[in-house]
Amino acid sequence: MKNKRIVGSRMANGDIVAPAQDFSASDGEPMTNFVEAPQTGEITAFTRVDGNIIAFIRLDGCSNQFPHRILDQLDNVKIGARVKAEWEDGVEQSILAIKGFVLAPDAEVGTVRALDEVEEAIGSLPYSMALQYEHAYGPYYGRMFDEIKGFGRVMGVRGSSNDDALLPPREIDDITHKPTGTWKTCADTGTIRGCSIINMEFIGQTLKPPYVYAEIVLDGASTRLIHFIEIDDVEYAKKNIGPGTRVRAIWTQGERKGSMADIERFEVIDE
């Protein structure tokens, strides 16, 4: 971006993809080398969002399309219109270094060129994002979270044809498509039905590895609850934690918030 060029990838099947991607979306094969894509192309689709025109743009010689802004009036934009990139001075580490694309009906069709020298890859970029929203729980989720907060218990609703509880609770049984039954308290013990050992760090984690990501069926329930099991040793987890392992919930201390986070974790029951 700081060199005001669009870097693409040449894939094993010959496709050119820009901006660059590690792997081909069509066959999953890794890219073979970087190329410099043209800064001209055509609009394949567009819409207007908050006063901005956002379009899918296929750069000349490329097989894919990517979204970016069109710097013009909506009435002037058409499918198939020729466009070229316009750059924003002072922006280097963002796709918004391309200020947008302007209509360029007379722009010559560009060609893909070899790229012998590339800048060092950027590992990560700091940024912040805030999403303000309100989520309505409704009578079923609402009671489940109220029960967790007020009484430290997990409640579901009975299925339409058996005594086992559905978690999370819902109005309609997703197997029979009939109304669900009465409320039922489930135990805070259960059985693992599926799990993965997480032993590497990645962005967005709430726990420090290693830990086990588990799908747990609480006693008295028929559906799976997703939660975590803290571990100290990966090898121990490989030998002792898997489908069929019995676990119990460890509740957080102090005031509960009314969410699944009120269960701090699950631990293995030594039997």
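Note that the numbering runs from 1 along the sequence shown for the chain. Please read all numbers here as calculations on a predicted model, not as lab measurements.
Proximity of a side-chain donor or acceptor of Lys84 to a complementary backbone N or O of Val102 within less than 3.5 Å is not detected. A distance-only check finds no donor-acceptor pair linking the side chain of Arg256 to the backbone of Gly254 [under 3.5 Å]. Using a distance-only test at 3.5 Å, with no hydrogens or angles considered, a donor-acceptor pair links the side chain of Lys78 to the main chain of Asp75.
Side-chain atoms of Thr180 and Ser160 form no donor-acceptor pair, as typed in the model, at a separation below 3.5 Å. In the model, Arg58 has no side-chain atom that pairs as donor or acceptor with a side-chain atom of Thr44 under 3.5 Å. For Thr40 and Asp60, the side-chain atoms include at least one donor-acceptor pair closer than 3.5 Å. There is a side-chain donor-acceptor pair under 3.5 Å between Thr191 and Arg246.
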Evaluate Thr182 against Val157 for side chain to side chain contact (heavy atoms under 4.5 Å, CB included), listing each step before the verdict.
CA-CA 6 Å; Thr182 56; Val157 291; over 6 Å; no

As a quick check of understanding, evaluate ring pair (Phe, Tyr, Trp, His ring centres under 6.0 Å) for Phe145 and Tyr137, giving each step before the final call.
CA-CA 9 Å; Phe145 289 127; Tyr137 283 153; 4.7 Å; yes

I would like to know whether Val17 and Ser63 meet side chain to side chain contact (heavy atoms under 4.5 Å, CB included); could you show each step before the answer?
CA-CA 6 Å; Val17 176; Ser63 60; 4.1 Å; yes

Go through the steps for Lys99 and Leu71 under the test side chain to side chain contact (heavy atoms under 4.5 Å, CB included), then give the verdict.
CA-CA 8 Å; Lys99 184 178 181 181; Leu71 306 177; 4.1 Å; yes

Could you walk me through whether Asp164 and Asn162 satisfy the side chain to side chain donor-acceptor pair (under 3.5 Å) test, starting with their C-alpha distance in whole Å, then the side-chain angles of each, then the deciding distance to 0.1 Å, before giving a yes or no?
CA-CA 6 Å; Asp164 290 335; Asn162 57 59; 5.3 Å; no

Would Thr189 and Arg248 count as a side chain to side chain donor-acceptor pair (under 3.5 Å) if you check the C-alpha gap in whole Å, the side-chain angles of each, and the deciding distance to 0.1 Å?
CA-CA 4 Å; Thr189 55; Arg248 72 163 57 88; over 6 Å; no

Output, in order, the C-alpha distance, side-chain angles, deciding distance and verdict of side chain to side chain donor-acceptor pair (under 3.5 Å) for Asn13 and Glu29.
CA-CA 9 Å; Asn13 62 4; Glu29 293 297 317; over 6 Å; no

Could you give me the CA-CA distance, side-chain angles and deciding distance for Ile231 and Ile197, then say whether side chain to side chain contact (heavy atoms under 4.5 Å, CB included) is met?
CA-CA 9 Å; Ile231 58 174; Ile197 299 173; 4.2 Å; yes

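With rounding to the nearest 0.5 angstrom, the OG atom of Ser24 is 10.0 Å from the CG atom of Asn64. Atom OG of Ser124 sits about 6.0 Å away from atom CD1 of Ile203, to the nearest 0.5 Å. The distance from the CZ atom of Arg10 to the OG1 atom of Thr32 is 6.5 Å, given to the nearest 0.5 Å. Here the OH-OG distance, from Tyr141 to Ser259, works out to 13.5 Å after rounding to the nearest 0.5 Å. Here the straight-line distance linking atom CG of Leu167 with atom SG of Cys186 works out to 4.5 Å at 0.5 Å rounding. In this structure, CG on Leu218 lies 12.5 Å from CZ on Arg224, to the nearest 0.5 angstrom.
In this view, Glu120 satisfies the salt bridge (charged side-chain N to carboxylate O under 4.0 Å, His left out) rule with no residue, not counting sequence neighbours. With sequence neighbours excluded, no residue forms a salt bridge (charged side-chain N to carboxylate O under 4.0 Å, His left out) with Glu264.
Of all the heavy atoms in Thr252 and Ala261, the pair that sits closest is CG2-O, 3.4 Å. Here the shortest heavy-atom pairing between Phe266 and Ala249 reads CD2-N, 3.5 Å. Looking at every heavy atom in both residues, His68 comes nearest to Ile98 through CE1-O, 2.9 Å. Here the closest non-hydrogen pair linking Ile95 and Pro19 is CD1-CG, 4.3 Å. Taking both residues in full, the closest heavy atoms of Ile53 and Gln73 are given as CD1-C, 3.6 Å, listed atom of the first, atom of the second, then distance. When all heavy atoms are compared, the tightest approach of Pro105 to Leu103 is CD-C, 3.7 Å.
The local environment of NZ in Lys4 is crowded, with over 12 non-hydrogen atoms from other residues, nucleotides or ligands closer than 6.0 Å. Counting non-hydrogen atoms of neighbouring residues, nucleotides and ligands closer than 6.0 angstrom, the CD atom of Glu108 reaches no more than 12 such neighbours. Environment of CZ in Arg153: crowded, with over 12 heavy atoms of neighbouring residues, nucleotides or ligands closer than 6.0 Å. Heavy-atom neighbours of Asp174 CG from other residues, nucleotides or ligands within 6.0 Å: above the threshold of 12.
Judged by the 6.0 Å and 45° rule, Arg143 forms a cation-pi pair with Trp183.
Counting heavy atoms from C-beta on, the side chains of Leu225 and Met260 come closer than 4.5 Å. Contact check for Pro243 versus Arg193: no side-chain heavy atoms found under the 4.5 Å cut-off. Within the 4.5 Å cutoff, no side-chain heavy atoms of Glu42 are placed close to those of Ile57. Taking 4.5 Å as the limit, some side-chain heavy atom of Arg265 sits within range of a side-chain heavy atom of Glu230. Within the 4.5 Å cutoff, the side chain of Lys239 has no heavy atoms near those of the Asp233 side chain. Looking at heavy atoms from C-beta onward, Met11 lies out of side-chain contact with Phe23 at the 4.5 angstrom threshold. Residues Ile192 and Ile229 form a side-chain contact, since some pair of their non-hydrogen atoms from C-beta on lies under 4.5 Å apart. Proximity of Ile54 to Arg69: side-chain heavy atoms (C-beta onward) are separated by under 4.5 Å at one or more points.
Applying the 4.5 Å side-chain rule to ILVMFWY residues, one finds Phe202, Leu207, Tyr211, Tyr213, Ile226, Phe228 in the same cluster as Ile198.
Ile216 and Val268 fall within the same hydrophobic cluster, defined by Ile, Leu, Val, Met, Phe, Trp and Tyr side-chain heavy atoms under 4.5 Å apart, directly or through other members. Transitive grouping of hydrophobic side chains (ILVMFWY, heavy atoms separated by less than 4.5 Å) brings Trp87 and Phe101 into a common cluster. A single hydrophobic cluster is not seen to contain both Leu166 and Val217; linkage of ILVMFWY side chains at heavy-atom distances under 4.5 Å, directly or through other members, places them apart. Hydrophobic clustering (side-chain heavy atoms under 4.5 Å, transitive across Ile, Leu, Val, Met, Phe, Trp, Tyr) groups Ile70 together with Leu74. The cluster map of Ile, Leu, Val, Met, Phe, Trp and Tyr, joined by side-chain heavy atoms under 4.5 Å apart, puts Val83 and Ile79 in the same cluster.
With respect to Arg158 and Asp163, a salt bridge is recorded, a charged nitrogen being found less than 4.0 Å from a carboxylate O. The pair Asp262-Lys149 does not meet the salt-bridge criterion, since no charged nitrogen lies less than 4.0 angstrom from a carboxylate oxygen.
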